[in-house]
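As the structure lists them, so they are numbered: ligands from 1, and atoms in each ligand from 1. In this chain, numbering begins with 1 at the start of the sequence shown. Quick note: numbers below take in every heavy atom, side chains included, and nothing from hydrogens, waters or symmetry partners.
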Amino acid sequence: MALLKRYGLYMVAAAFFFYMFYSLSFPYESAPPPQPGHNDADDAPINEAPKGDGRKSYDWSKIPIQHPVVSDMIPLPTGAPKALPKIQHEFKEEDPTAKHIRETRREEVKKQFLKCWTSYRQKAWMHDELEPISGKATDPFGGWAATLVDAMDTLWIMDLKEEFTSAVTDIGKIDFGYTPAEKINVFETTIRHLGGLLAAYELSGEERLLKKAKEVGEMLYHAFDTPNRMPITRWDFHNAGQGNKQEADETVLVAEIGSLTMEFTRLSQLTKDPKWYDAITRITQVFDRQQDMTKLRGMWPIVVNAKKRDFTKDTSFTIAAMADSTYEYFAKTYALLGGLDPVYKKLYEQSMDTAIKHTLFRPMTPENADMLMSGMVRTEGTNTMLLPEMQHLVCYAGGMFALGGKIFENPEHVTIGRKLTDTCVWAYKASPAGIMPEVSQLYKCANMSDCTWDEKAWKEEVARRADVGNEDDPLKNIANLRLPLGFTAINDRRYILRPEAIESVFIMYRITGLQQWQAAAWDMFTAIQKHTDTDLGNAALADVSADNPPKVDSMESFWMAETLKYFYLIFSEPDVISLDDYVFNTEAHPFKIPKPKN
Ligand code: DMJ
């Protein structure tokens, strides 16, 4: 028991450390100064970066590769794509009242998007983010107009074509050969910039966007120029630009090395140049070879060693923060490759078997709801310990299981997806602001099949965790903790406009056709809107357990790229970006699924 307590505390501390590390959105080492705005030169030719300020801009396509792939370039799989099983529900004709409500809600979402976009355009154009309270601009993602690039496909989907067309011209002016930042986060640049450009290209057919995506691809390819061809995930851009030697790191977050597959595969498919597919396939091969060799077989630890190509040593496992999209991408990459590479099916199925067995738990709730959550596991020898944590970030997992269950015809996974999503919806409702916090702990049922609410036991667990005991009554200080029933701790009370809950709710809706998901989405949207709306856009919140959560002057690019897109799509006709036609990358950028010719 003492050991469990000690490790329990260690896990919380470790989880918190990792979480802080991750949740700061991978900041660059020093905040880069803002770049000059370029909105006065709408007629400049595409792909011509602003010149004349004396700064160095690398032409990545011309910088020699020091560790080239010469004779063993891995080609894209050939052959006709397979037909995947039907993913979406067969929607029937809509009742006129339901249609009216749905369209009204959709327009509310669009109106809010347009407000954010207009403010960004007026006050932070060509910068990464707008600060939605002060109206200042900020550049935490290399200074490459992250919000602009990330939101392009949302503009298209929302039928804001004029705004889209005018933005394309300015995208051409982004200089991916230059950054004032010292280091670049390869994962973030891949999912936001490369993913955003590829999806916007696919939707619009605008060739200039593909050209720009290729420019990003040429840059990122240099992060793979190491002796073992493993990428440097926190990459010294200038070191590489000057042609210096580089090698992969020994400590890498598994999400950052495992979640490049969709974007690199798509870039190769669209350009017909296999080098990006080759680059990520070498990582996939390591995942495949070592899947059975880790301390929790089937899954890989949160931290892996890219320099030694050893993904087996560490002892903390999760499908949540720092690992998440690695798992999310297996089934999606399988679909993107037209079902032609069975390794992604194997990676998905074996990792999910382990995740189901070791990370899932049933939270105890006053409603005795039959729901699931996925926590963090630590191994010690043959023992495993589960921390019953709930992160906003892990709410993507409901959608992942449901989609994977459809793609691989596994109804149990669809049910698990539903139960995981139910917990996120419940957590939104349980919070005073109607929005779930970043990280919390739940009371884990001892038994998955039979779990009756036990308020006394819950209170004792809260008191134990919070150490609120005093001599007279160990339970009396619980009210001060502001914990919804069923929560045993809240480690991080923020909401930073994240999308994962609405992402899974959207997927559940498209798969089941049940209107309960649209109702849940509307409750979530109204709560978020009520508390985060500012004169210029939407602001992150410092504490969702307060009745009136204080606002924080931050609006990450994923708000317009992901959160508002999913809210818009759940209130759109089901054939708008159908899940039978598209897979979304982890930043909600849709890529087209190849189909067999008939
Ligand atoms: C996004 O950048 C992506 O969804 C990523 O996979 C996780 N974090 C944010 C959103 O919360």
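Below 4.0 Å from some heavy atom of Pro499 lie the following atoms of ligand 1, by number and element: 10 (C), 11 (O). Listed by atom number, the atoms of ligand 1 under 4.0 Å from Leu393 heavy atoms are 7 (C), 8 (N), 11 (O). Listed by number with element, the atoms of ligand 1 under 4.0 Å from a non-hydrogen atom of Phe558 are 1 (C), 2 (O), 9 (C), 10 (C).
For Arg192, every heavy-atom contact with ligand 1 shorter than 4.0 Å involves the side chain, none the backbone. Residue contacts with ligand 1 for Glu562 involve side-chain atoms from C-beta outward but no N, CA, C or O (heavy atoms, distance under 4.0 Å). The proximity of Glu500 to ligand 1, defined as any non-hydrogen pair under 4.0 Å, is limited to the side chain. Within the 4.0 Å heavy-atom criterion, neither part of Ile496 lies near ligand 1.
Here's the thing with Asp324: none of its N/O atoms is less than 3.5 angstrom from an N/O atom of ligand 1. Among the atoms of Thr586, some N or O lies under 3.5 angstrom from an N or O of ligand 1.
Summarising the geometry of Ile171 relative to Lys212, their closest heavy-atom pair is O-CE, 3.2 Å, with the distance given to 0.1 Å.
Note: Phe287 and Trp300 have perpendicular aromatic rings, judged against thresholds of 30 and 60 degrees for the angle between ring planes.
Judged by the 6.0 Å distance and 45° axis criteria, Arg192 is not positioned over the aromatic ring of Phe558.
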**Asked** Can Asp288 and Lys346 be said to form a salt bridge (Lys or Arg N to Asp or Glu O under 4.0 Å), step by step?
**Response** CA-CA 8 Å; Asp288 178 29; Lys346 176 243 177 192; 2.5 Å; yes

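With salt bridges taken as basic N to acidic carboxylate O contacts below 4.0 Å, one links Glu438 and Arg498.
Side-chain rings of Tyr566 and Phe584 approach one another, their centers coming within less than 6.0 Å. Between Tyr201 and His589, the ring centre distance reaches or exceeds 6.0 Å.
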